[in-house]
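Shown next, in structure tokens, is the structure this report addresses.
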Amino acid sequence: MKKKRMMWLSVLASAMLLTGCNLVSDPALYNQETVQRSVTPDGLNQVSTALSSMADVKSYELKASMQAHTGRFVQTVQFYGSVKLPSEVSMDETIGGANYLIYQDGSFAYEKDGNRWSPMQPLTALTPWQSLSSLLSVSPPKVVYQLPQQTVVSWLCDVYQFKTVASGTLLGGMGATSNMNQRTVPREALYTVWVDTTDGKLRQIEVQSTVGVPGLGTTAFDAKELFFGFNNPKLKFKIPTDLLSQIERP
Amino acid sequence: MTESTWRRWLSVPFLILYALWVMVFYQLVFTAWTLQYSYFGILLVIAASLLFMYAFPLRDRRLVVRLTLFCLMASIGIASFAGESLIWRIIDFIVFVGLALTLGRVLVGVRTLRLFFIIVALTIVQIFIPLHDLRNLAFFNVRYIGHLASPDPQVPSLPVAAVSDPVRPGMQEIVTLRGHRPIKDEAQDLVHLMNQNPQAGTTIESAIQELQHSYDVVAIRPGRLRFITHYATQRELSQLPFWSLGLMDFPFTTSHFLNLQDRTRMYVSLSADPGTLLSMLLSPGTVAQSMADLSLKTASTEAQNWKQVTGHQIDVTDGLSLQGGYLTGTYQGLPVHVRTRGVAILGVYHLLPQNVDANPQVVVEGNNVIQVLSLPPERPHVIATLKGSYLHPLTTDVVFADLTGKHRDALLVNTVPAQIFQLTSAGEWQRLWVSGRDSFRFETVFPRKGGDLLIANAPSLINTSPTRYLGGYIYHNGQLQRVFRVYYPNYVDLQTVHVTSATRPELLTSVFAHQEIVLLGLQRVPWLWLIEAGYVLAIAVGLARRLQLRRRVLR
């Protein structure tokens with residue numbers, strides 16, 4: 001028994017000698033975001049102005065992710081593509097490592113899973129800022145915080161943060177392809193909005209929320225969308241050649 | 001020692017031992033230093049190499065250095081074929097051996113046959129333990145490596161679970177998924193079954209495609225000579241909750257289970273089509289609701305699918321379950337019915353000091369909140385609540401550990417950053433420790449007298465990269481004292497199990513992005529210590545040889 005203990009201790013000692021330092025408690029990272037934010041009375045107006053300034057946007061590019069954290073697993077859906085208002089969409093989507101494509105021109109809407117394109121319900125709500133604007137008019141937040149300015153890609157941005165709850169009037173306004181109309185519990189969420197200091201336009205939105213799932217505990221969500229390439233005249237929407245050949249096939 | 005004696009020592013067994021030592025030393029020590037201490041680690045490697053070279057007299061140095069480099073490069077060269085197909089591995093190996101022997105004969109100055117034996121020995125070791133897995137020898141022995149490959153990109157890491165082994169009482173076996181190997185007529189059978197099963201929510205057109213995302217649920221147990229894989233039985237699977245295998249890409253994909261003749265088949269389908277997910281994203285005002293609804297719907301479907309296969313739906317822990325907002329059931333022979341915000345039971349643990357409450361408490365989790373319930377027969381009630389925030393949400397990613405060996409558990413909570421909480425006698429939470437790095441996470445614990453060994457995935461000490469490596473720590477005086485590091489970066493879903501030993505804990509893990517599972521056992525032979533001792537011995541031999549030559553010159 002003593003021999004075993006000595007061996008165990010010698011392994012520990014040699015391993016500790018070789019691998020070095022201890023990990024001390026360091027709450028700075030945990031407190032970072034809350035310490036740095038301050039209440040701004042004019043924050044809601046600033047956000048609303050930024051959302052209004054998006055009215056002249058006719059096309060934009062999008063890089064986004066939706067993340068769900070359940071137990072030990074963090075799953076992410078990634079989006080990258082372009083939208084031309086009122087109804088053109090070209091989007092790459094990655095769900096758990098598998099790639100999908102979406103192409104829409106008016107009511108001509110298809111999604112590609114694997115090697116095959118399938119018709120889908122056309123997307124109608126293509127202006128995220130209007131969705132956020134509706135939310136703020138129906139459920140204005142009680143407090144808006146301002147965070148230190150941040151540079152997103154190369155754009156210096158003012159950052160605002162607030163909590164609010166989507167009320168019943170918004171709950172039917174989901175994507176046209178969604179058939180989940182039985183929503184009963186409005187969800188509170190934390191919104192963080194990045195406003196470009198140069199042109200006052202909305203640059204990024206992050207929505208964080210949680211839900212208690214029976215058997216699974218909390219699933220925490222984080223949806224983040226970055227807008228760029230506004231009104232780019234060079235943006236062209238061309239039907240993918242494999243989609244064209246598929247629908248032309250007898 | 002005469003020249004001929006010295007040469008005799010360069011016999012084949014010694015050379016093979018030396019080659020193995022070089023290979024393992026490089027993986028355990030030099031790699032560890034560079035990964036842990038970044039540029040400082042490289043300086044350490046240079047210093048240790050110079051010391052090694054200096055120790056040998058000039059006349060031996062050339063041979064020792066060249067032989068060492070040959071062994072090192074040969075070990076890395078052999079490992080580079082591992083990812084290739086069998087045919088290419090054989091072809092590459094033959095070419096590699098030819099080149100290595102030719103160069104070795106010219107540059108190293110050791111006989112070709114001896115170099116050949118070195119290459120063969122290095123190859124044999126790497127067949128059993130691949131080069132990168134040698135890093136586990138810093139603290140563990142590799143008991144089992146299972147390659148359960150499947151080309152499906154939807155599975156970045158294979159889910160693993162442990163269940164009681166019905167044929168070896170007191171021991172466990174591993175349950176996991178194996179990429180499905182097609183069998184005759186299965187597509188037709190699957191379409192037929194799917195049509196009969198409205199819960200599958202699929203169509204005939206997609207059935208063939210779903211076959212590509214299809215998995216056999218297998219159980220693995222140790223046999224006499226090697227581990228044996230068999231299809232998991234209903235009896236084995238009914239021990240598991242629905243989420244243990246089915247959380248691949250939750251809530252974006254839904255796992256379905258089918259009972260076929262001799263096996264249980266799992267396949268995954270999208271919970272919502274790509275267009276719906278994009279639509280949800282483009283409506284940030286309501287995305288929280290739609291994501292919540294998607295999660296609830298997917299979880300409900302998966303639980304239903306699991307019930308159809310195993311007959312098991314509601315998770316019961318120590319006779320208790322959560323139903324309709326109440327913790328209900330029978331605990332220690334007495335009925336319990338307590339209102340709670342919990343939707344999942346985390347377990348029954350001693351969170352309060354023994355002198356305050358000798359009975360354990362039940363820990364449940366609700367929406368971003370953890371509640372602790374005391375269950376005295378006269379008045380069961382909630383005694384403490386720990387709330388999360390949207391910035392630092394609380395999921396079930398919580399590990400319980402007895403930090404001091406006084407039979408009192410603390411919560412190791414994997415928020416970002418990770419934290420340790422202890423419940424005080426007054427029912428308040430005391431934060432004992434919080435990580436300074438956001439990628440640090442607790443994985444599991446090894447029970448140990450005087451305080452559990454906390455197994456964690458932790459980033460390097462100096463390097464700012466978020467890459468995590470396996471580590472073992474003991475909590476002491478507000479700090480985590482490092483016991484070991486294993487510089488293997490991709491271990492996920494780590495669990496403490498008893499697969500080959502009923503008494504000594506083992507570590508079961510899945511390897512991220514490699515579709516591989518690994519079972520690690522505690523070492524009986526302290527390899528790291530021996531390898532380090534080998535370095536000291538080599539230096540001592542070199543210095544002794546120096547001394548011997550100097551004496552000879554003086555005479």
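Numbers restart at 1 for each chain; the letters A, B, ... are given by sequence-line order, proteins then strands.
At a threshold of 4.5 Å between non-hydrogen side-chain atoms, the residues Leu190(A) and Leu391(B) count as touching. Within the 4.5 Å cutoff, the side chain of Asp249(B) has no heavy atoms near those of the Ile95(A) side chain. Between Leu270(B) and Tyr100(A) there is a side-chain heavy-atom pair separated by less than 4.5 Å. Within the 4.5 Å cutoff, side-chain heavy atoms of Leu461(B) are placed close to those of Leu23(A). Contact of the Leu62(A) side chain with the Leu282(B) side chain is registered, since non-hydrogen atoms from C-beta on lie closer than 4.5 Å. Contact annotation: the side chain of Ser300(B) never approaches that of Val213(A) to less than 4.5 Å [non-hydrogen atoms, C-beta and beyond]. Using a 4.5 Å heavy-atom cutoff, the side chains of Thr396(B) and Arg72(A) are not in contact. Residues Pro284(B) and Glu225(A) form a side-chain contact, since some pair of their non-hydrogen atoms from C-beta on lies under 4.5 Å apart.
Most heavy-atom pairs under 4.5 Å with chain B, from the set Asp222(A), Leu101(A), Val77(A), Val83(A): that is Val77(A). Contact tally against chain A (heavy-atom pairs below 4.5 Å) for Ala299(B), Pro251(B), Pro417(B): the top residue is Pro417(B). Top candidate by heavy-atom pairs under 4.5 Å with chain A, chosen from Arg441(B), Glu365(B), His476(B), is Glu365(B). The greatest number of non-hydrogen atom pairs below 4.5 Å with chain B, out of Val207(A), Leu126(A), Thr192(A), is found for Val207(A). When each of Gly215(A), Pro27(A), Ala28(A) is scored by its heavy-atom pairs under 4.5 Å with chain B, the top score falls to Gly215(A). Most heavy-atom pairs under 4.5 Å with chain B, from the set Leu132(A), Ile102(A), Thr164(A): that is Ile102(A). The greatest number of non-hydrogen atom pairs below 4.5 Å with chain B, out of Ser133(A), Ala189(A), Gly212(A), is found for Gly212(A). Between chain B and the options Phe73(A), Tyr30(A), Phe221(A), the largest number of non-hydrogen pairs under 4.5 Å is found for Tyr30(A).
Looking at Thr127(A), the atoms closer than 4.5 Å to chain B (heavy atoms on both sides) all sit in the backbone: N, CA, C or O. Only the side chain of Asn31(A) comes within less than 4.5 Å of a heavy atom of chain B; its backbone N, CA, C and O stay farther away. Of the atoms belonging to Ser435(B), it is backbone heavy atoms, and not side-chain ones, that fall under 4.5 Å from chain A. Residue contact with chain B, scored on non-hydrogen atoms closer than 4.5 Å, involves the side chain of Gln161(A) exclusively. Proximity to chain B (any heavy atom under 4.5 Å) is restricted, for Thr219(A), to the side chain, taken from C-beta onward. In this structure, the portions of Leu281(B) lying under 4.5 Å from any heavy atom of chain A include both its backbone and its side chain. Proximity to chain A (any heavy atom under 4.5 Å) is restricted, for Leu432(B), to the backbone atoms N, CA, C and O. For Ile205(A), the part lying under 4.5 angstrom from a heavy atom of chain B is the side chain only. Neither the backbone nor the side chain of Ser118(A) comes within less than 4.5 Å of any heavy atom in chain B. Looking at Arg341(B), neither its backbone nor its side chain comes within 4.5 Å of chain A, counting heavy atoms on both sides. Interface residue Glu443(B): backbone and side-chain heavy atoms are both found under 4.5 Å from chain A.
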I'd like to know whether His69(A) forms a side-chain contact (heavy atoms from CB on, under 4.5 Å) with Asp397(B), so could you lay out the CA-CA distance, the side-chain angles of the two residues, the decisive distance to 0.1 Å, and finally the verdict.
CA-CA 9 Å; His69(A) 182 184; Asp397(B) 199 359; 4.0 Å; yes
Criterion side chain to side chain donor-acceptor pair (under 3.5 Å) on Thr210(A) and Asn367(B), from CA distance to verdict:
CA-CA 7 Å; Thr210(A) 60; Asn367(B) 182 9; 2.7 Å; yes
Run Gln479(B) and Ser25(A) through side chain to side chain donor-acceptor pair (under 3.5 Å) and show every step you take.
CA-CA 6 Å; Gln479(B) 297 186 1; Ser25(A) 184; over 6 Å; no
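Pairing each heavy atom of Glu93(A) with each of Leu277(B), the nearest pair is OE2-CB, 3.6 Å. The heavy-atom pair separating Ser283(B) from Ala125(A) by the smallest distance is OG-CB, 4.1 Å. Contact detail for Leu296(B) and Pro214(A): the closest heavy-atom pair is CD2-CD, 3.8 Å. Among all heavy-atom pairs drawn from Tyr191(A) and Gly285(B), the shortest one is OH-O, 3.3 Å.
In this structure, the separation between CD on Glu111(A) and CG on Leu278(B) is 10.0 Å, given to the nearest 0.5 Å. Put simply, CG on Asn22(A) and OH on Tyr475(B) are 12.0 Å apart, with the number rounded to the nearest 0.5 Å. Atom CG of Leu123(A) is separated from atom CE of Met280(B) by 12.5 Å, given to the nearest 0.5 angstrom. Separation of atoms OG (Ser290(B)) and CE (Met66(A)) is listed at 7.5 Å; rounding is to 0.5 Å. Note that CG of Asp113(A) is 10.0 Å distant from CG of Asp273(B), once rounded to the nearest 0.5 Å. Atom NZ in Lys163(A) sits 7.5 Å away from atom OG in Ser389(B) (nearest 0.5 Å).
Contacts from residues 84-91 of chain A to chain B, taken as heavy-atom pairs separated by less than 4.5 Å, involve Val89(A), Met91(A) in sequence order.
Applying side chain to side chain contact (heavy atoms under 4.5 Å, CB included) to Ser295(B) and the options Val211(A), Leu216(A), Thr218(A) leaves one that passes, Val211(A).
The neighbour count for Trp243(B) CH2, taken as heavy atoms of other residues, nucleotides or ligands under 6.0 Å away, does not exceed 12. Atom CZ of Phe40(B) is surrounded by 12 or fewer heavy atoms from other residues, nucleotides or ligands within 6.0 Å. Remark: Tyr80(A) OH is loosely packed, at most 12 non-hydrogen atoms of other residues, nucleotides or ligands lying under 6.0 Å away.
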